[in-house]
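The structure appears below as structure tokens.
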Amino acid sequence: MNELASKYDPSAVEEKWYAYWMEHRLFHSEPDNREPYTIVIPPPNVTGVLHMGHMLNNTIQDILVRRARMEGKNACWVPGTDHAAISTEAKVVAKLAAEGINKQDLSREQFLEHAWDWTHKYGGIILEQLRKLGASCDWERTAFTMDEQRSQSVIRVFCDLYEKGLIYRGVRMVNWDPVALTALSDEEVIYKEEQSKLYHLRYMVEGTDKYIVVATTRPETILGDTAVCVNPNDERYGWLKGKRVIVPMVGRSVPIIMDDYVEMDFGTGCLKVTPAHDVNDYMLGDKYNLPSIDIFNDNGTISEAGGMYVGMDRFDVRKQIMEDLKQADLIEKIEDYVNKVGHSERTDAVIEPKLSMQWFVKMESLARPALAAVEEGDISFVPAKFRNIYRHWMTSIKDWCISRQLWWGHQIPAWHLPEGGYVVAENEEQALLKAIEKTGNPELTLSDLRRDPDCLDTWFSSWLWPISLFNGILEPENEEFKYYYPTSDLVTAPDIIFFWVARMIMAGYEFAGKKPFGNVYFTGIVRDKKGRKMSKSLGNSPDPLDLIEKYGADGVRMGLMLAAPAGHDIMYDDSLCEQGRNFCNKIWNSFRLIKGWETAEIEQPQSARLAVEWFDARLASTVVEMNDLMSKFRISEALMAVYRLFWDEFSAWYLEVVKPGYGQPLDKTTYEATIHYFDMLLRLLHPFMPFITEELWQHLCERKDGESIMYARIPEDRQADEKLIADFDHLKEVVAGIRTVRKQKQIPQRDSLTLNVREGHDSRLDPIITKMGNISEISVISEKDPAAAGFIVGKVEYSIPLTDKVNVEEELAKLNKDLEYYTKFLAGVEKKLGNEKFVANAPEAVVAIERKKKSDAEEKLATIRAAIAALS
RNA sequence: GGGCGAUUAGCUCAGCUGGUUUAGAGCGUCUGCCUUACAAGCAGAGGGUCUGCGGUUCGAAUCCGUAAUCGCCCACCA
């Protein structure tokens, strides 16, 4: 091992150990009598590729899972992918289009064949990429939202909800995506602020030569106008009561209606009403029985019903109609205007509100227990602020539009009857039976029934994920489900709190009678240095696999985690990964040092004995700290704690103290303690940096085949010797003082020095001072030596005799600076103690602390004054 | 338009129920060092009136109010 390179090379190591873990099935979990720890992965899109968000999210999950495993729990991390209805279908459609094939020319079966081909070709790439990250998923359990078990679960749940009366079908105003050609749920619409125009159009009042002005952002929709509405209290328009106006260009005569929905202050106070293309207008249309003219085709072009511009795209029409209105002098004015426009989450197309027949889930009764669970703390959100967002959404929840006009997905299990109406059933046979029962017609055959063509929203399968992964829908009594469910922690991004988290909670209580998970950890969003969200279109996102290649998986994991407190967005910068990589290198080189030591049957040096004792305390205290932090999901702080333990305490102090002189052997006791500490450090680090820790742990001593650090136990809480830690901290300052003197006086480390100490010095750790400071002798002196360079640690004065190099002026300046500082400090403390109200009101302990501060400062000042006196 | 959150060193953040913090860390910066594990390193140094203003308190980065800036979520103002 002495020939180890001075730099850690992750690539070979990572591949080797991942294969080893897989070969020995170390990620696999089966129910047993240990306590279960379960995480279900937020399933990435089946044909997606890994991005920085996945890296962060899955690193956190892996840390939690690996740690739970090392705590002796039966840890199970279930991976899988989501069929991602709209986005996958869009990809397949685009791919076919590139080959000159039109989706419309294919049958449903033919299209699905292409879609499955695509899925098989690209599906699972992302899961392969997760392995590069070190994800310890139980791959034997890999699931897919459209595999047999998950599909059946979805159908079962649909039928169940239908039986309970929670699913209904009806014509409603929905969000229509004219590119994907499907309805969307409210959550799938992203509102973006856009710079647009407010067009003021003239509507002639029928039978007069007067006109009124109506303001609109969407002039093309005048083709579907069926009324103009004003506020009944608006004095400007009282005269319009009972009148009709002529829709410009179109020439249609429409009534004036009066409703206080209209804001008098906005625009002109006149609102054009287009019931087919605006949610509010739809409500007005409903209230006043207005006709509804659907002027758009599904793809956003003007339909026959529009009467003009038929076949033209909606945005082209907007330009054209403005031209034409201008020609006809029907435009009053055009203003700049900023408004919010809904876009499709998947295709980014501008959403068209559209009346159509869709399927819905009634949400109110589902929401009630789900809201209570989070309010009452049965499920905790980390950070807790997301409870507010959750509560708000849950208390104003609307019905969920679950049908999508797609082929890729779970087809709705409803069959339409020849005479109208439909039945809902789990399969064709049952559908037929129900159809016969419902119609009373025993002659019906399957060919008389027509299966509803729509598919279900992707999230209608994802919301079952924690249940369906363990087959809890189809076989609620099965052993696995009873063992693994409810799962422990869920790690996800906050942007899918409604899409997924809230709905999983609802599904958990509704279909399993229990919460789906105990804690939800919300990650931040990964942003670039300028704070912009990383995205493909901006091209500001590094390829995670390139990063792994460059910095090693452990380096990248560590880099991300260092900057990722829960719920905080992280500003990504390569320097984070560099820090991670450097740390790997530090660990690597510490190992090189230790493995390079020869041991011999010699007596343990005092310094080494003390260092071993001290590090034992230091380790114990960090373990307590880390356990506490991890229990609060303060993962980055826990990582920082072990980072500092390793680097600042173990490498910089412990190893330097016990390190034998050049070519010298080390005693066995110290060697074994060192190996033990290194082992413990590797264990603490393993959840964060799985590869390098496994590599070194395997080299640390003989291991059996199949043995792994993955199953080594994390050290448990233990009382630390705080006094020893404090004494050592004092020692560090003494050594730093010696180093400073060396630096100032340009004395090389190899020249040994004498250290003089005055009263108050505790000699217990002297052997370490001797070694670390290269001190040949520590002598207690009773009087200040004017020919020595001094420094004060705590209330003890130290000095190094340097007859020819000491400048008394400099020494005095140093002391006077200290004098000034502590005089001020003491004054502050005395002021506080002199305040009667403070002494009377503050708790005993706080006053005691101040008194201690006072006496310490006084002693220190006495030391300083004495030193000054001796020099003057 | 409602709600929520943030504002602490150049950057990213700790600082949990006010009191050993005249404020800490990591990174970066600066100054020395190729000292026999590591220059992806070592030894040091500098850097903040805790966004402003008011209040509560013996005591405020911490609690309250207010203003500003930023961010997020929700909402049917054409």
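Sequence lines set the chain letters: A, B, ... in the order given, protein chains first and strands last, and positions in each chain run from 1.
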task = Could you tell me whether A:Q746 contacts a base, only the sugar-phosphate backbone, or nothing, with contacts defined as non-hydrogen atoms closer than 4.0 Å?
result = nothing
message = Regarding A:K533, tell me which of base, sugar-phosphate or nothing describes its non-hydrogen contacts under 4.0 Å with the strands shown.
response = nothing
inquiry  = By the 4.0 Å heavy-atom rule, please label A:Q749 as base, sugar-phosphate, or nothing.
reply    = nothing
request  = Choose from B:rC4, B:rC77, B:rG41 the nucleotide whose nearest atom is closest to any side-chain atom of A:W647.
outcome  = B:rG41
key: Identified pairing partner of B:rG41, criterion: Watson-Crick or G-U wobble below 3.5 Å   = B:rC33
Donor-acceptor pair, side chain of A:E820 and main chain of A:K817, under 3.5 angstrom = no
task = Provide the Watson-Crick or G-U wobble partner of B:rG18, both distances under 3.5 Å; none if there is no partner.
result = none
ask   = Roughly how many Å is it from OH in A:Y662 to C1' in B:rU36, rounded to a whole number?
value = 5 Å
inquiry  = Out of the candidates A:I331, A:D225, A:L325, only one should pair with A:P248 under the side chain to side chain contact (heavy atoms under 4.5 Å, CB included) rule; please name it.
reply    = A:L325
query = Rounded to whole angstroms, how far apart are NZ on A:K272 and P on B:rC76?
reply = 19 Å
request  = Measure up the A:F646 and A:F583 rings against each other and bin them: parallel (under 30°), tilted (30 to 60°), perpendicular (over 60°).
outcome  = perpendicular
ask   = Should A:D259 and A:K287 count as side-chain neighbours, where that means a heavy-atom distance under 4.5 Å?
value = yes
message = Is the shortest side-chain heavy-atom distance between A:F591 and A:L682 below 4.5 Å?
response = no
query = B:rU31, B:rC77, B:rC27: which one has an atom nearest the side-chain heavy atoms of A:S575?
reply = B:rC27
inquiry  = Considering every strand and a 4.0 Å limit on heavy-atom distances, what is the contact class for A:P843: base, sugar-phosphate, or nothing?
reply    = base
inquiry  = Is the phosphate of B:rG41 approached by A:W588 (side-chain N or O, under 4.0 Å from OP1 or OP2)?
reply    = no
query = Under a 3.5 Å cut-off for both distances, is B:rC63 Watson-Crick or wobble paired, and to whom?
reply = B:rG55
query = What integer number of Å spans the C1' atoms of B:rU31 and B:rC73?
reply = 49 Å
message = Say we look at B:rU22 and B:rU49: how far apart would their C1' atoms be, to the nearest angstrom?
response = 11 Å
ask   = Which sits closer to the 5' end of RNA chain B, A:E637 or A:E850, going by the nucleotide each is nearest to?
value = A:E637
Sugar-phosphate, base or nothing in reach of A:N585, heavy atoms under 4.0 Å = base
request  = Starting at atom CD1 of A:I849, determine the distance to atom P of B:rG18, rounded to an integer number of angstrom.
outcome  = 15 Å
B:rA39 to B:rG46 separation - P atoms, rounded to the nearest Å = 27 Å
Integer-rounded Å distance: B:rC16 P and A:R634 CZ = 8 Å
key: Quiz item: A:K586 side-chain donor-acceptor pair to B:rC38 base, under 3.5 Å   = yes
key: Closest listed nucleotide, where the reference is the side chain of A:N388 and the choices are B:rC4, B:rA78, B:rA37   = B:rC4
ask   = For A:F825, which contact category applies under a 4.0 Å heavy-atom criterion: base, sugar-phosphate, or nothing?
value = base
query = Starting at the 5' end of RNA chain B, which residue's closest nucleotide do you reach first, A:L562 or A:D278?
reply = A:L562
ask   = For A:Q195, does the CD atom sit with more than 12 other heavy atoms under 6.0 Å from it, leaving out its own atoms?
value = yes
key: B:rG5 pairs with, by Watson-Crick or G-U criteria that keep both distances under 3.5 Å   = B:rC70
task = Can you figure out which of B:rG26, B:rC74, B:rC77 approaches the side chain of A:F266 most closely?
result = B:rC77
Rounded distance in Å between the C1' positions of B:rC64 and B:rG28 = 38 Å
ask   = How far, in whole Å, is B:rA37 from B:rA43 if one measures between their P atoms?
value = 14 Å
ask   = Which part of the nucleic acid does A:V262 contact within heavy-atom distance under 4.0 Å: base, sugar-phosphate only, or nothing?
value = base
ask   = Could you state the NE2-P distance from A:H392 to B:rC74, rounded to the nearest angstrom?
value = 9 Å
ask   = Across the strands shown, which category fits A:D569 at heavy-atom distances under 4.0 angstrom: base, sugar-phosphate, nothing?
value = sugar-phosphate
ask   = Parallel, tilted or perpendicular for A:F650 and A:F678, by the 30°/60° rule?
value = tilted
task = Just call it for A:Y282: base, sugar-phosphate, or nothing, with non-hydrogen atoms closer than 4.0 Å on any strand.
result = nothing
message = Regarding A:F498, tell me which of base, sugar-phosphate or nothing describes its non-hydrogen contacts under 4.0 Å with the strands shown.
response = sugar-phosphate
ask   = Are A:Y643 and B:rC27 close enough that a side-chain N or O sits under 4.0 Å from OP1 or OP2?
value = yes
ask   = Do A:H277 and A:D281 come close enough that some side-chain heavy atom pair is under 4.5 Å?
value = no
inquiry  = Over all strands shown, is A:T217 touching base, sugar-phosphate only, or nothing at heavy-atom distances under 4.0 angstrom?
reply    = sugar-phosphate
ask   = Which nucleotide, in any strand shown, forms a Watson-Crick or G-U wobble pair with B:rG46, with both distances under 3.5 Å?
value = none
task = State whether a side-chain donor-acceptor pair under 3.5 Å links A:S185 with A:E188.
result = yes
ask   = A:Y337 OH to B:rA78 C1': how many Å, rounded?
value = 7 Å
Interatomic distance, A:R739 CZ vs B:rA43 P [rounded to whole Å] = 6 Å
request  = Select one nucleotide: of B:rA37, B:rC58, B:rU12, the one nearest the side-chain heavy atoms of A:M571.
outcome  = B:rU12
task = Write down the distance separating the P atoms in B:rA60 and B:rC50, rounded off to the nearest Å.
result = 12 Å
ask   = Would a line drawn from the ring center of A:F381 to the ring center of A:F386 be shorter than 6.0 Å?
value = no
request  = Scan A:R644 against the nucleic acid and name what it touches under 4.0 Å (heavy atoms): base, sugar-phosphate only, or nothing.
outcome  = sugar-phosphate
request  = Can you tell me, in whole Å, how much space there is between the P of B:rG24 and that of B:rC76?
outcome  = 50 Å
Nucleotide nearest A:S6 (side chain, heavy atoms from C-beta), chosen from B:rA43, B:rC72, B:rC38 = B:rC38
request  = Ignoring backbone atoms, establish whether A:H568 has a side-chain N or O less than 4.0 Å from OP1 or OP2 of B:rA14.
outcome  = yes
inquiry  = Classify A:A736 by what it touches in the nucleic acid, base, sugar-phosphate, or nothing, heavy-atom distance under 4.0 Å.
reply    = sugar-phosphate
query = With a 4.0 Å cut-off on heavy atoms, is A:T274 in touch with a base, just the backbone sugar-phosphate, or nothing at all?
reply = nothing
P gap between B:rA67 and B:rA75, integer Å = 26 Å
key: Spacing between A:D225 atom CG and B:rA78 atom P, to the nearest angstrom   = 16 Å
query = Which listed nucleotide (B:rA78, B:rA37, B:rA43) is nearest to the side chain of A:L655?
reply = B:rA37
query = Taking any strand in view, what nucleotide pairs with B:rA23 in a Watson-Crick or G-U wobble way, both distances under 3.5 Å?
reply = none
note = Considering only heavy side-chain atoms of A:K853, the closest of B:rC58, B:rA78, B:rU20 is B:rU20
key: Nearest to side-chain heavy atoms of A:K340, which nucleotide of B:rA75, B:rA37, B:rG19   = B:rA75
task = Verify the contact: side-chain N or O of A:N582 to OP1 or OP2 of B:rG41, cut-off strictly under 4.0 Å; return yes or no.
result = yes
